[in-house]
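Written below as structure tokens is the structure these notes are about.
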There are 2 protein chains.
Amino acid sequence: MTQETRPLSKKDIRRENEKLILEAAEKVFAEAGFGGATMQLIADLAGLPKANLHYYFPTKESLYRRVVQTIFHDWLKAADIFDNAPGPVEGIGAYIDAKMEISRRHPAGSKVWASEVMHRAPVIQDYLETTLVEWTEGRMAIIQRWIDEGKMNPVDPRHLLYMLWATTQHYADFGHQIETLNGNAPLSDSQWEAAKGSVKTIILTGIGAIPSA
Amino acid sequence: MTQETRPLSKKDIRRENEKLILEAAEKVFAEAGFGGATMQLIADLAGLPKANLHYYFPTKESLYRRVVQTIFHDWLKAADIFDNAPGPVEGIGAYIDAKMEISRRHPAGSKVWASEVMHRAPVIQDYLETTLVEWTEGRMAIIQRWIDEGKMNPVDPRHLLYMLWATTQHYADFGHQIETLNGNAPLSDSQWEAAKGSVKTIILTGIGAIPSA
DNA sequence: CATCATCTTGACCATACGGTCAGGTTGAGA
DNA sequence: TCTCAACCTGACCGTATGGTCAAGATGATG
């Protein structure tokens, strides 16, 4: 009945352990914030001795940095959909879907990101000033094009983007509040669908991309 | 040339010092989170010795609790406007204005609140389950009435409220990101007006309270 | 099989932090 | 003026935390 465990190669060990650590770290950083998180807690959750964490990540900050970078990467990737969409209904609709799905599947990541930005982005400020600025300008141009083509109302693209970020991430960052208001229960499948639908309907109607009911 | 300082009464001293401490604490908790904040930092910012903080607030947690309670109170108060409004344009419009103003004037408070909720509301969970639940149901009823009266589209009142919270608080909680995207400059008066206008236009249009442009 | 780089970990260390306390100062009240 | 409660604070303490290290275990390489 014993599980025959084949010895792992060194590469596999490294990959496996880094993954364990990063997953545990994301959760703990999300729950407790950078200051409240302890290496011991992360180690326990990862099922490794604390000293082993410091073998892979020399300092708490270096571990945190890796977590945040990963999240930032996913954050940007979620918007690929935006690019080749013919108009706002498809582009923004799909973007809302994608970001809502991230909020649902990876709430911890969203929280770490929110925390990082709230604390004035001590570790990813350089990314904000370069990558995020470029990214934002690119999407603003797309939205402006849709406006020029008469596919939506002339709203300020910048504030529309902020609204998209705010509304979608809210379901992760304030998930606890939402659960409490849902009778201390997590949203069901259909409730998530309703949430997505509400956000899409109000925003797409709000920018004149679909007719008002 | 010496400034003649009249001796303060004991009551004044207490009031004055508590105020100093609470203001400093709000800032430090907002910047660093509960775990990252230190009593020494708060003391320095308040201009008092650390031991004096412990005279007024026995523990770090008790100080934090007071900060969060104050914020929760303001949070609820912002929605009085909602109540006697004849319809969504006035009610929701004024609510957006009020919450945007809070985000502008008291970003630290908003951040502390966000942090508290993100960390599963360790100190105000009871308030969420009682006061906030009641409050939310009351506003949902008002929105539903407006819907029944044909003053707006039949959107889900719950998700509309979430959207209002998300969009307005975003300007405080993610203020740093917004500043970075604004060329590392805080929003000017006119930019704040533009932000308010965008949020109101999109949401009020989105719920069919005002016609699409 | 021998050698080596990589991985593992219990024990340890220095520091920083929340909190305490004793002794002193100062406004309030009689 | 005297007494007392409220206020103040430098010095101190126990603990928890991030980080180190040296000695051992384990897979890779030839």
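Below, chains carry the letters A, B, ... as their sequence lines are ordered, and counting in each starts from 1.
Atom-to-atom, CD1 of A:Ile13 to C1' of D:dA28 comes out at 11 Å; the value is rounded to the nearest Å. In this entry the distance linking NZ of A:Lys50 with P of C:dC7 reads 20 Å, nearest Å. When the C1' atom of C:dC17 is taken as reference, atom CG of B:Leu53 falls 14 Å away, rounded to whole Å. For the pair B:Leu48 CG and D:dC8 P, the interatomic distance rounds to 8 Å; values are reported in whole Å. Distance, B:Glu16 CD to D:dC7 C1': 14 Å, rounded to whole Å. Atom CG in B:Asn17 sits about 9 Å away from atom P in D:dC7, given to the nearest Å. The separation between A:Asp12 atom CG and D:dT26 atom P is 17 Å, rounded to whole Å.
Within residues 20-30 of chain A, no residue approaches DNA chain C, by heavy-atom distance under 4.0 Å. Contacts between residues 55-68 of chain B and DNA chain D, defined by a heavy-atom separation below 4.0 Å, involve B:Tyr55, B:Tyr56, listed by number. Residues of residues 34-46 of chain A having a heavy atom closer than 4.0 Å to DNA chain D, listed by number: A:Ala37, A:Thr38, A:Met39.
Between B:Asn52 and the phosphate of D:dG10, there is no side-chain N or O to OP1/OP2 separation shorter than 4.0 Å. For B:Arg14 and D:dC7, the shortest distance from a side-chain N or O to OP1 or OP2 is below 4.0 Å.
In this view, B:Phe29 and B:Phe34, B:Tyr64 satisfy the ring-ring contact (aromatic ring centres under 6.0 Å, His included) rule, not counting sequence neighbours. Taking B:Asp97 as the reference, B:Lys196, B:Lys200 meet the side chain to side chain contact (heavy atoms under 4.5 Å, CB included) condition, with sequence neighbours excluded. In terms of the side-chain hydrogen bond (donor to acceptor under 3.5 Å, both in side chains) criterion, A:His119 has no residue partners (sequence neighbours excluded). In this structure, the ring-ring contact (aromatic ring centres under 6.0 Å, His included) partners of A:His159, at least two apart in sequence or on a different chain, are A:Tyr162, B:Tyr171. Remark: B:Tyr127 engages B:Phe72 in a ring-ring contact (aromatic ring centres under 6.0 Å, His included) (not counting sequence neighbours). Every residue two or more places apart in sequence or in another chain that forms a side chain to side chain contact (heavy atoms under 4.5 Å, CB included) with B:Ser188 is listed here: B:Ser190, B:Gln191.
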List, with names and distances, any nitrogen or oxygen atoms from the protein found under 3.5 Å away from nitrogen or oxygen atoms belonging to nucleotides 28-30 of chain C.
none

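Counting heavy atoms of neighbouring residues, nucleotides and ligands inside a 6.0 Å radius, atom CG of B:Asn84 does not exceed 12 of them.
Nearest heavy-atom pair, B:Ala195 versus B:Met100, reported as atom, atom and distance to 0.1 Å: CB-CE, 3.8 Å. Looking at every heavy atom in both residues, A:Arg65 comes nearest to A:Val123 through NH1-O, 3.9 Å.
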Compile the donor-acceptor pairs under 3.5 Å between side chains in residues 74-81 of chain B and protein atoms, sequence neighbours left out, one pair per line.
{"unit_1": "B:Trp75", "atom_1": "NE1", "unit_2": "B:Gln169", "atom_2": "OE1", "d": "3.2"}

Side chains of residues 14-23 of chain B: which donor-acceptor pairs under 3.5 Å do they make with residues two or more places apart or in other chains?
{"unit_1": "B:Arg15", "atom_1": "NH2", "unit_2": "B:Asp12", "atom_2": "OD1", "d": "2.8"}
{"unit_1": "B:Asn17", "atom_1": "ND2", "unit_2": "B:Tyr56", "atom_2": "OH", "d": "3.3"}

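For the residue pair B:His106/B:Glu101, the side-chain donor-acceptor check at 3.5 Å is not satisfied. If you check the side chains of B:Asp173 and B:Ser110, you find a donor sitting under 3.5 Å from an acceptor.
Considering CH2 of A:Trp135 and CG of A:Leu161, their distance stands at 5.5 Å, rounded to 0.5 Å.
The side chain of B:Pro49 lies closest to D:dT9 when the candidates are D:dT9, C:dC7, C:dT9.
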